[in-house]
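Notes to accompany the following structure.
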Amino acid sequence: MCGIIGFVGREQAAPILLDGLERMEYRGYDSAGIAVRSETAGLQVKKTKGRLQVLADLTHGGADLEGSVGIGHTRWATHGEPNDVNAHPHVSGNGRIALVHNGIIENYLEIKEHLQQKGVKFTSDTDSEVVAQLLEFHYNECHSMLEAVGRCLRRIEGSYAFGIICADYPNTLIAARKDSPLILGYGESGNFIASDVTAVIKYTRDVAYMNDGEIAVVTADAIDVFDSELTPQDKAHHQVDWDVSAAEKGGYAHFMFKEIMEQPEAIRKTISPRIRNGRVVLDNVSMPAEYVKGISRIYLIACGSSYHVGVVCKYSWERLLRRPVQVELASEFRYSDPLVDENTLVIVISQSGETLDTMAAMREAKRRGGRTLAVVNVVGSSIAREADDVLYTWAGPEIAVATTKAYSTQLALLDLMGLYLGEALGTVSGADYDEILKEVQALPEKMECILEHVEDVQHAASRYFNHDSIFFIGRNLDYAMGLEGSLKLKEISYIHSEAYASGELKHGTISLIESGTLVVALGTYAALFDKAMSNVVEVKARGAEVLALTTEAYREKMEKVADTTLVVPQTHPVLQPSLGVVPLQLFAYYVALQRGCDIDKPRNLAKSVTVE
Ligand code: F6R
């Protein structure tokens, strides 16, 4: 998704902007640009389609552009194809105002027509250029940038994070946000705006989060923030507690591999502060005991992999909580007239905390009277700030587009949440509680055992990487895990893959199984292992090649039928997907590696999806 950085200070801005953009490359983009202002050269804009390296080469690493105030952008096309003209920054007709924008301006056509009638000429197809032109229009009326931004924001509808510079303002940049993340960074050599902390962490850990409707006036020595009526606001500062190395590859070939390897530690960090004297303690959750007792329905809402975490939890929580647990895709839930009332607990799950559909679903649930709890990785993100309660996964920055450690920490955290709710509701027996809690704590060590033997998965990947179509089959929690295994594989290796509940095969899909079709058979869920085996036999009989995943206890049985068998340690049945998913992540990684794919930045995908 698009990335924004802005800097104003006592150093040359362009190299800093390029560095910040590089750190946000992982978000996905198709073009990039920067605009810098200097006394002698005025407003200079360089932008280009393609990789950031092209922009860096074009500007000799930024050295060609004078000036210590500037804005930069990586674009992920929404309005208008990816090309040099549609790339940001966009400049107003008189060449004096430059703007970068994340989000979507919904009424841009109406404003565009209005401005065209007044003789304004447009060069790009974007909604963002309309705002640059509208700014110039208002600036010509009022001769104050702050006032012009205020007028502009009252006119536009949609979502935005803006970074703006103006040739008439030598040392100032202006920022504004609504429904699209933007942070302020307070640095030694100057101040920053950015859509992502990663962009500024090298320069400062002292940040503030902009709220919807706020406008910031940023100079080298101060950041003044105003609400939409231009009333000054006090901003709370936050210290980012991870350092720059967390967002670097640290010797690994890919962020994805590094993040897979970081999972045991990330889980430790997520669970250990929440377990005291053998009990789950969720300090930040403010739900009264009476409320918990009255919960009649639980929704788990998310997108993509975070949704798959919800699917695992549905299976495990209904068992633990004896309450209906509905897992919903955020993009469907928000338009579905959902059954939510004050006894409904709505849990939204999001790594980024910025996914627009998840945010909208949460707002819809709130509007209907539900209580919301967010499981989020990015501190201070929009979803975290709007939820009634928030539980952070302490996974650290996740850079690879394909999520791994965020998935694992979400799952571990929700395992704790399940115990917490189960205890409050009185639906989990003491023995189950103790056993599950003990096994959650053992997860990191068991995961380490898997990660010490990655070569088994590597061999499987080199055997199967050239398949065109792969089916993941499993029952119950294995099916839930298969959804994630299949998504991981398809998003980074571009192999068509589907996850099926094994029992569904004979209702249609089995017609696709023919000689040589690869089936990844998941048989880690002990209670249904025999049923899973019968499906393996079924697909084998139709000529499928079977790569199986099971636990030590069932290895021998599985090896008799499958072509290749991977094994993970045993844990409590409800936690088994936390271990089983690791070889599936590794399988996707090694297959993509063999196929020469761009693993950390798969085509067409963005890390944080802030558009619908
Ligand atoms: C897949 C992946 C996506 C995200 C989804 C939700 O590897 O990363 O499917 O899980 O876009 O993102 P968040 O969790 O940030 O809301």
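Just follow the structure's listing: the first ligand is 1, and inside any ligand the first atom is 1. All residue numbers refer to positions in the sequence shown, counting from 1.
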Original post:
With a 4.5 Å limit on heavy-atom distance, are the side chains of Leu339 and Thr344 in contact?
Top reply: no

Subject >> Heavy-atom nearest neighbour of atom 6 (C) of ligand 1 within options Cys303, Ala330, Gly304 >> reply: Cys303

Cationic N near anionic O, under 4.0 Å, [X] to [Y]:
X: Glu398; Y: Lys405; answer: no
X: Arg371; Y: Asp389; answer: yes
X: Glu364; Y: Arg368; answer: yes

Original post:
Under 3.5 Å between some N or O of ligand 1 and some N or O of Ser352?
Top reply: yes

Original post:
N/O of Gln410 under 3.5 Å from N/O of ligand 1, yes or no?
Top reply: no

Students should be able to answer this: which protein heavy-atom is nearest to [atom], and at what distance?
atom: atom 16 (O) of ligand 1; answer: Thr355 OG1, 2.4 Å
atom: atom 4 (C) of ligand 1; answer: Ser305 N, 4.0 Å
atom: atom 11 (O) of ligand 1; answer: Val609 CG2, 4.3 Å

**OP:** Would you please classify the geometry between the His238 ring and the Tyr209 ring as parallel, tilted or perpendicular, with 30° and 60° separating the classes?
**Re:** tilted

Original post:
When rounded to the nearest 0.5 angstrom, what is the spacing between NZ in Lys258 and CD in Gln263?
Top reply: 12.5 Å

Subject >> Within 6.0 angstrom of Lys366 NZ, more than 12 heavy atoms from elsewhere >> reply: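 Enclosed: over 12 neighbouring heavy atoms sit under 6.0 Å from NZ of Lys366.
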
**OP:** Between Glu491 and ligand 1, find which residue part has any heavy-atom pair under 4.0 Å and reply side chain, backbone, both or neither.
**Re:** side chain

Original post:
In ligand 1, which numbered atoms sit nearer than 4.0 Å to a non-hydrogen atom of Lys488?
Top reply: 1 (C), 7 (O)

**OP:** With heavy atoms of Ser350 as the reference, note each atom of ligand 1 found under 4.0 Å away.
**Re:** 13 (P), 14 (O), 15 (O), 16 (O)

**OP:** Could you establish whether Val401 and ligand 1 come within less than 4.0 Å of each other, counting only heavy atoms on the residue side?
**Re:** yes

